[in-house]
Amino acid sequence: MPVKTVFETKIDHVSILDENGNFDAKLGKGVIPDQDAVALFEHMLTCRHLDEVAFKLQRSGRMGTYPENRGQEATSLGAAYALDKKDWLVPCYRENAGLFWRGLPIEMVLLHWMGDERGNQIDNELCITPLAIPIGTQMLHATGLAWAAKYRQEKQIACTFFGDGATSEGDFHEAANFAANLDLPVIFFCQNNGWAISVPSKIQCSAPTVAQRGLAYGMDCVQVDGNDIFAVVKVTRDAAKLAREKKRPTFIEAVTYRLGDHTTADDARRYRDEKEVESWKKKDPILRLEKYLREKKLWTDKKHEAALAKARETVTAAVKRAEEIADPKIADFFNSMYAELPADLKRQRDTMCTHSLGLDPSQLEGTERQAVNSQH
Amino acid sequence: MANLTLVQAINLALIQEMEADDRVMLLGEDVGPNGGVFRVTDGLHARFGGDRVVDTPLAESGIIGTAIGLAMNGLRPVPEIQFEGFLGPAYDQITTHAARMRTRTRGAFTVPMVVRVPIGGGIHAPELHSDSPEAIYAHHPGLKVVMPASPYDAKGLLISAIRDPDPVMYFEPKRIYRAFREEVPEDEYTIPIGEARVVSEGEELTIVTWGAPVVQCMKAIENSEKSIELIDLRTIYPVDIDAIEESVKKTGRCVIVHEAPKTCGFGAEIATSIMERCFLHLEAPVQRVTGFDTVMPYYKLELEYLPETERISRAIEEVAAY
Ligand SMILES: Cc1ncc(C[n+]2csc(CCOP(=O)(O)OP(=O)(O)O)c2C)c(N)n1
Ligand SMILES: [Mg+2]
C-alpha cells in the first residue's frame, strides 16, 4: 500500500451545562460542589459589576483605556478554581475573574488601567504574572515558569491565557513547541472570543478549531464551552493532572464571546453584527449558572439582591482604594529602573532635566566663562 | 484646499496613491472595515476592496515579512504596525531583510514598502503604546525614517515615501493626530524625503526637533523673548544636516528636543554633527531636552517624562544666557 494514513485525530468539545440549563449529570458529577458553585456565581456577579463601573470611570476621565471582560467570566474563573494556589496564572488582560479568585486585589487591576505601574507590583505569593499588553508574549514566560518548577522537581504547573488572535503570533508557536518537546507542565488556555479587536477569528485560524493548533506540536488538545464553568473546570483539572503527573502540556480552546467592545477605545458596532451579539447574550455564563443554581434551589431573589449589594460594596471599596492612593512619584519610577541606579540616571532623577547647562557649575571651572556667567 | 487633521491628510494621501497606482495596497491589523484603531484607513476598505486593504492575522513579523515579499514581487505595500510598541516582532524582518535586500543582492532585489507606525506618548494610552523608537531604525543602514509634524507635511511625505524605491519607516506622532488642522491641498504634491522645515526663523538660538514636540517647542518660543529658529527635521534619516548647519552657524546656539530617551537618541547624532561642522561658530554647548533614560512610564507620569514646554524653556534660557 503506497499511501497509508500515519496520523489521524479528532478534537473533543466538552460541555456540561448548556445554555438552556441542561446539565450532564454523568460528566458533571462532583465537578463543582454546590457551595462552591454559589461562591463562583457571586464572584462572577462582582466581576460583571466591576466592568460596568470601570466603563463609567473611563468615560468620566477617571481611568484610561479598559478592556471589559463581559461574557468571558467563566473561562479564567473556572481555570483558576481548578488549579492549585501555587500554580502560575499567566494572563493577558481579560482574566479579571480568575485573578481575583486567586486573590489579586481588584484595585491592582484598576491601578494598572489608571496608568500606574503599582498595579503590577503583585505579591509573589499569589503566583500571578503582570498583565501582558504585547500579544502572545506571555506564553513563553509561562513555559519558562513551568520549566523552572520542573527543574526544581516541584508540583507547580503554569497556566497561560491568551486570545484567538494571539495564536497567530510566532511567540505562541515557539512556546507550544518548547513546552511539548521539553515535556513542560504548561496549560495553554485560549479564550476564543470570536474577535481580535475588529478581526474575526477565521482570519487567525482557518481550521475548524483553534484547539487543533496544539496537535501540530504533539500536545493534547480539547475544545470546551467557555461559557460553561463546569466544563471549564473539568478540562482544566484534566490538563493540570496531565501536567503535574506526566509533565505534558495541553491546549484548551475555550469557545466564548466578547460581549463588550474590545476596550473602551473601541466601537464594535463598526465591524460586527448586533444580531451576533444578541445571540451570544443568550449564552451568557452568568445567566446559565444562575439558572442552574435556581433549579437546584440554591439561589433566590433575596440572595440575588444581597449578592448584588455585596458586589457593589466590594467594587466601590476597591475603586476608593485605587483612587485614594497617593499620586506616583517620578523619582520612585526612576528608582525602580535598576537594582542600583547608574550615576547619570541619578542626576536626571535629581535635576528632572536631561540638559546639564546651568545645573553643573563644574563645567565652567577654570574657564573664562566662569567670570562671565557668574554675572548672570 | 481642505482643512484637515494629520489623520485625514494621511488618509487622503493613501486614497490618492491607491487611485494613481494599483500596485499600492495596505495590510495590517484592523486596517480593513474598522479603518484602523486610529481611523487612518477609514473608508478605504469600502472604497478599494478587501484585496487592496487587507486585515491580516495578528502577527507583526508576518505583516512585514510578507510585505517584503509583496514588494519584491512588484507591489508597493504599505503595511501598518498598530503601535510602535508592537514593532518588536517585526524588528527582525525590518532590519535583517528590508534594510539589507538591495545591497546584499547588489540591487537585484529591492523592497519599496512604507511601514506606517503611530509613535510617541501624550495620549494617556496603556503600556507600550507611547514609545519613541525612531533612532533605533535610523541606526540601521538601508532604511529611511520619516516623521511628519503637520497635516501638510504628512500628506506630501507619505506620497514621497510610497514612491520611494527603498523601505521607509513612516512614523505618525499620535499626540498630534487630531490636535490641530491645517490647509492641505487636494491636489497631489510631494515633500522630498531628507529636507527639514524651518518652522520659524530666528537669530539667537536654534531648536532642532521632530514629531509631536514641535508643538511644545512653538509654545516655548512664544514664551521667550529671544529670537529663536525652529527646525522640524521631518526626516530623521537621511537627516538634513545642511539645514541644521546653516542655522547653527547663524545662531551659534542649539537645543535639541525629542521624546525618546536621551542616551543614543537621535539628538546625540545631531549634536555630534554640529560639533563636527560648526565647532568654531558655537557660543554655547549644545543641549538636549529629551525623555529620560527610563522606560516610558504609564500615563500618570507621562507628562513628567516627556519634554514639555517648561523643560524646553529652561534649557533655551540657559543656553541663550551662556
Ligand atoms: C504584539 C501586539 N500586536 C498588536 C497589539 C494590539 N492589540 C491589542 S489587543 C489586540 C487583539 C487581541 O486579540 P485576541 O488575542 O483575540 O484577544 P482578545 O482581545 O480578543 O481577548 C491587538 C491587535 C498588541 N497589544 N500587541
Ligand atoms: Mg479574541
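Computation of the quantities below employed the complete heavy-atom set of this structure, encompassing side-chain atoms and omitting hydrogens, waters and symmetry-equivalent molecules. Convention: sequence-line order gives letters A, B, ...; per-chain numbering from 1.
When every heavy atom of Arg314(B) is checked against every heavy atom of Cys353(A), the shortest pair comes out as NH1-SG, 3.6 Å.
Side chain of Ser198(A) to main chain of Asn34(B): no donor-acceptor pair is present (N/O by atom type, distance under 3.5 Å, no hydrogens or angles).
With contacts defined as side-chain heavy-atom distances shorter than 4.5 Å, the pair Asp171(A)/Pro89(B) does not qualify. Between Gln348(A) and Lys262(B) there is a side-chain heavy-atom pair separated by less than 4.5 Å. Using a 4.5 Å heavy-atom cutoff, the side chains of His129(B) and Ile133(A) are in contact.
Within 6.0 Å of CG in Asp51(B) there are 12 or fewer heavy atoms belonging to other residues, nucleotides or ligands. Enclosure of atom CZ in Phe178(A) is not indicated, since only 12 or fewer non-hydrogen atoms of other residues, nucleotides or ligands lie within 6.0 angstrom.
Once rounded to the nearest 0.5 Å, the distance linking NE2 of His124(B) with CE of Met114(A) reads 11.5 Å. How far CD1 of Ile135(A) is from CG of Leu58(B): 6.0 Å, rounded to the nearest 0.5 Å. How far CG of Leu357(A) is from CD of Glu318(B): 6.0 Å, rounded to the nearest 0.5 Å. Interatomic distance, Ile330(A) CD1 to Tyr305(B) OH, rounded to the nearest 0.5 Å: 9.0 Å. For the atom pair CG (Asp30(B)) and CZ (Arg270(A)), the distance works out to 10.5 Å, reported to the nearest 0.5 Å.
When each of Asp116(A), Thr65(A), Leu345(A) is checked for heavy-atom pairs under 4.5 Å with chain B, Asp116(A) comes out on top. Contact count versus chain A (heavy atoms, under 4.5 Å) is highest, among Pro261(B), Ala125(B), Ala59(B), Pro57(B), for Pro57(B).
Of the two parts of His112(A), the backbone and the side chain both hold a non-hydrogen atom closer than 4.5 Å to a non-hydrogen atom of chain B. Heavy atoms of Ala268(A) lying under 4.5 Å from chain B are absent altogether. Proximity to chain A (any heavy atom under 4.5 Å) is shown, for Val319(B), by both the backbone and the side chain. When heavy atoms are compared at a cutoff of 4.5 Å, Leu111(A) approaches chain B solely by way of its side chain, counted from C-beta outward. Proximity to chain A is absent for every atom of Glu310(B), based on heavy atoms less than 4.5 angstrom apart. Contact annotation for Glu317(B): neither backbone nor side-chain heavy atoms come within less than 4.5 Å of a heavy atom of chain A. Within the 4.5 angstrom heavy-atom criterion, no atom of Asp332(A) approaches chain B.
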From CA spacing to verdict: side chain to side chain contact (heavy atoms under 4.5 Å, CB included), Thr56(B), Ile203(A): CA-CA 7 Å; Thr56(B) 65; Ile203(A) 288 182; 5.9 Å; no
For Glu117(A) and Glu127(B): C-alpha separation, side-chain torsions, deciding distance, then whether side chain to side chain contact (heavy atoms under 4.5 Å, CB included) applies. CA-CA 9 Å; Glu117(A) 289 84 1; Glu127(B) 183 177 29; over 6 Å; no
What verdict does the side chain to side chain contact (heavy atoms under 4.5 Å, CB included) test give for Arg311(B) and Met352(A), after you've listed the backbone C-alpha separation in whole Å, the side-chain angles of each residue and the deciding distance to 0.1 Å? CA-CA 9 Å; Arg311(B) 255 209 291 150; Met352(A) 281 312 293; 5.8 Å; no
Where do Gln82(B) and Ile197(A) land on the side chain to side chain contact (heavy atoms under 4.5 Å, CB included) test, with the steps shown first? CA-CA 11 Å; Gln82(B) 201 163 80; Ile197(A) 310 186; 3.5 Å; yes
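Annotation: residues 289-302 of chain B contacts chain A through Val289(B), Thr290(B), Gly291(B), Phe292(B), Asp293(B), Thr294(B), Val295(B), Met296(B), Pro297(B), Tyr298(B), Tyr299(B), Lys300(B), Leu301(B) [non-hydrogen atoms, separation under 4.5 Å].
A salt bridge does not link Arg39(B) with Asp267(A): none of the charged nitrogens is closer than 4.0 Å to a carboxylate oxygen.
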